[in-house]
Amino acid sequence: DTGVSQNPRHKITKRGQNVTFRCDPISEHNRLYWYRQTLGQGPEFLTYFQNEAQLEKSRLLSDRFSAERPKGSFSTLEIQRTEQGDSAMYLCASSLAWGGAYNEQFFGPGTRLTVL
Amino acid sequence: TQLLEQSPQFLSIQEGENLTVYCNSSSVFSSLQWYRQEPGEGPVLLVTVVTGGEVKKLKRLTFQFGDARKDSSLHITAAQPGDTGLYLCAGRLGGYNKLIFGAGTRLAVHP
């Protein structure tokens, strides 16, 4: 396990469909983060977990979005009733929980979502 | 208005030139990280700076954190085509764990 992995890498869906993405963090990392990146912008924070507990959610995370990390290992991000505005790159990152300011976040390759 | 402003937005230079990109804010950050991102890929961490005034060097890249921990710069010496990419700065405010990103500087280095 050399890094954060995300699946699928690409997803094309029709408006109104549900989609689910998976993230597998670096194995010893107990914090896991989800970000969204639209064209020409930097990533924006969506939510994060410490072990299985979801500790913070952004106001960007509407009620159509839900994230889980049931066993404190991998995480899933589900978008229900997708809209064209959901088209973006969804990035997952992981970090250790200790180390203070040096809790460096390492990113996966992302899932590119296109909603037609 | 973004909390972290990066400048310039775009930079196109010839191989061998030097360049500096900037990351500015009115807020104080507990740490600041620089990432590089290739098209269709996730950001790759380059460096973390924590202490005001801190300078870190990574081969031809020099990173500086402002004394007041509100700004940072990335200087590249003798740029190479392999340096091409999107450079993102990201900071953590206080005890929060989430990263706040700038919009990035897109660098193109031509042979």
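From a predicted model like this one, the values you see are computed outputs, not experimental measurements. By convention in this document, chain letters (A, B, ...) are assigned in the order of the sequence lines, proteins followed by strands, and residues within each chain are numbered from 1.
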Problem - chain A contact via B/L4 - side chain, backbone, both or neither, heavy atoms under 4.5 Å - result: neither
Practice task
Tell me, for B/F29 versus chain A, whether the close heavy atoms (under 4.5 Å) come from the side chain, the backbone, both or neither.
Solution key: neither
Practice task
Report yes if some heavy atom in the side chain of B/K98 is under 4.5 Å from a heavy atom in the side chain of A/E44; otherwise report no.
Solution key: no
Handout entry: Neighbour count >12 (heavy atoms, 6.0 Å) for atom CG, A/L60
Key = yes
Exercise for the section: Can you establish whether the number of heavy atoms outside A/E68 located under 6.0 Å from its atom CD is more than 12? Expected result: no
Handout entry: ring pair (Phe, Tyr, Trp, His ring centres under 6.0 Å) partners of A/Y90, counting only residues at least two apart
Key = A/F21
Practice task
Name all residues meeting the ring pair (Phe, Tyr, Trp, His ring centres under 6.0 Å) criterion together with A/F45; count only those two or more places apart in sequence or in a different chain, and write none if there are none.
Solution key: A/Y35
Practice task
Check whether the side chains of B/Q37 and A/Q37 place a donor and an acceptor atom closer than 3.5 Å, and report yes or no.
Solution key: yes
Treating Ile, Leu, Val, Met, Phe, Trp and Tyr as nodes and any side-chain heavy-atom pair under 4.5 angstrom as an edge, say whether [X] and [Y] lie in one connected cluster.
X: B/L74; Y: B/L11; value: yes
X: B/L107; Y: B/L61; value: yes
X: B/V44; Y: B/L86; value: no

Can you give me the closest heavy-atom contact between [X] and [Y], atom names plus distance?
X: B/L88; Y: A/P43; result: CD1-CD, 4.0 Å
X: A/L91; Y: B/G42; result: CD2-CA, 3.8 Å
X: A/Y33; Y: B/N97; result: CE2-O, 3.7 Å

Exercise for the section: Return the option, out of A/Q105, A/Q41, A/R112, A/M89, with the maximum number of heavy-atom pairs under 4.5 Å with chain B. Expected result: A/Q105
Practice task
Mind checking the CG-OG spacing from B/L99 to A/S95? Nearest 0.5 Å is all I need.
Solution key: 8.5 Å
